[in-house]
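Okay, structure first, notes after.
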Amino acid sequence: MKTVTLTIDGRAVQAREGEKLLRVALENGIYIPNLCAIPGVKHPAAACRLCFVEIEGYPRPVTACTEPVVEGMVVSTRSPRVDRLVSTAFELLLSNHRLDCATCPRNRSCELQRIARERRFPLRVKRLRKLERNLPLDDSSPVLRYDPNRCVLCGRCVWVCREKGTGVLGFAGRGFERKVTTFGDVPLGQSGCNGCGECTRVCPVGALTGKEV
Amino acid sequence: MHLTEEEKKVALEQTGNILESYSRERGNLIPILQQVQEKLGYVPLVAMEEVARHLGMPPVDVYSVATFYNQFRLIPPGKHQIKVCMGTACHMKGGNIILDCWKRRLSIDVNQVTPDREFSLERVACVGCCTMAPVTVIDEEVHGRVTPTRVDGLLFSFGVKIPKGQQKEGEAIGRE
Ligand code: SF4
Ligand code: SF4
Ligand code: FES
Ligand code: FES
């Protein structure tokens, strides 16, 4: 496949033509916030709206996870427009996320914390109203714990559960009610989940976590 | 929600009949679910499993679609179907308070049916009677300007008595 050269934040990088910009940036040590991107997925959902970048000659910011790289592309991962879009998307995510890092199993290894750190966003809801879902914790599996209140609906677990697990996870409901769940909303322990734990390895937050040894 | 063996049998039979006329393409999912709903009045989990098998997709994906659209109900309708309007006008006039009243009196949540199958509760979008907001539709009959007392009155008209001592605002009635 053809190799192309592009510029990201003033740095020249090489990549295979057609690869997604987000991957290229991450592989070159340039961090762009992202939650829903899954390596190797052909048609990304681009649902989290966190990976916006500016590309020279484009009228408005685009999501890096869906943008294929082309020769000579000039990319900037930061700009006032990008920062505004990303901070709003981030705050929207936090507005219905149970933000209680002290009790969270992913405290210090959490992608939301990382985004806040990298972009200097407060880990706090300021402009919006907090809407907690107060869904019950699912503790039924012998190996996993699922706290839907921390889920950011990135879909990574649903994907990996199909690729490597038993395919029991999926989305249900719409809007505020949307959640990751099983067929008929049965607890994980009765869902046919085999406890492989792949979902806990891809979950970027403290929603799906392993039970401690 | 527990279905009787009889209900499951009927659901499976009907779903089987419907599936016979559909090829195994995923694009048929929504028309199939609509047919099931039309035949049974709801789309039970057992039917979803059959549909998933027919179309060769994970059952949770069928569940996903069925829960995404308001048009699908997952439980059998009650003998009386209570639909509380949550359109803009009704919302402004306190539709959510009325919905809460129904929930508490019947001791069920939205999209549930009472254990005796007498009443089921749903929220609907504007039913076109905004001047009468807030509106509750019971079995096609529109009731306007609903108040908590009116909720009790309506229940009374269906033979449900609110026992003394439970008449406090919005308290659950002693249903089995
Ligand atoms: S998921 Fe991350 S941001 Fe959310 S509570 Fe846990 S550690 Fe904190
Ligand atoms: S449980 Fe975790 S991996 Fe699954 S959608 Fe929610 S945040 Fe993403
Ligand atoms: S990673 Fe691009 S929109 Fe989520
Ligand atoms: S909003 Fe309820 S009838 Fe129009």
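Throughout, a chain's letter reflects where its sequence line sits, starting with A, and its residues are numbered from 1.
The shortest non-hydrogen separation linking Y69(B) to R174(A) is CA-NH2, 4.3 Å. Nearest heavy-atom pair, V60(B) versus T182(A), reported as atom, atom and distance to 0.1 Å: CG2-C, 3.8 Å. A pairwise comparison of heavy atoms in G167(A) and P58(B) identifies O-CB, 4.2 Å as the closest pair.
Dense packing is recorded around CZ of R127(A), with more than 12 heavy atoms of other residues, nucleotides or ligands lying under 6.0 Å away. Within a 6.0 Å radius of NZ in K83(B), other residues, nucleotides and ligands contribute more than 12 heavy atoms. Annotation: H143(B), atom NE2; neighbour count of heavy atoms from other residues, nucleotides and ligands within 6.0 Å is above 12. No more than 12 heavy atoms of other residues, nucleotides or ligands shown are found within 6.0 angstrom of NZ on K9(B). Other residues, nucleotides and ligands place more than 12 heavy atoms under 6.0 Å from the CZ atom of R162(A). Other residues, nucleotides and ligands contribute over 12 non-hydrogen atoms within 6.0 Å of the CZ atom of R114(A). The number of heavy atoms from other shown groups lying within 6.0 Å of OH (Y31(A)) is above 12.
Looking at P59(B), the atoms closer than 4.5 Å to chain A (heavy atoms on both sides) sit in the backbone and in the side chain alike. Neither the backbone nor the side chain of V158(A) has a heavy atom closer than 4.5 Å to any heavy atom of chain B. Neither the backbone nor the side chain of S191(A) comes within less than 4.5 Å of any heavy atom of chain B.
Taken to the nearest 0.5 Å, the OH atom of Y63(B) stands 6.0 Å off from the OG1 atom of T181(A).
With S64(B) contributing its side chain and G170(A) its backbone, the two residues share no donor-acceptor pair below 3.5 Å.
Residues F183(A) and D61(B) fail the side-chain proximity criterion, which asks for heavy atoms closer than 4.5 Å. For the pair E177(A)/T67(B), no side-chain contact is recorded, criterion being any heavy-atom separation below 4.5 Å from C-beta on.
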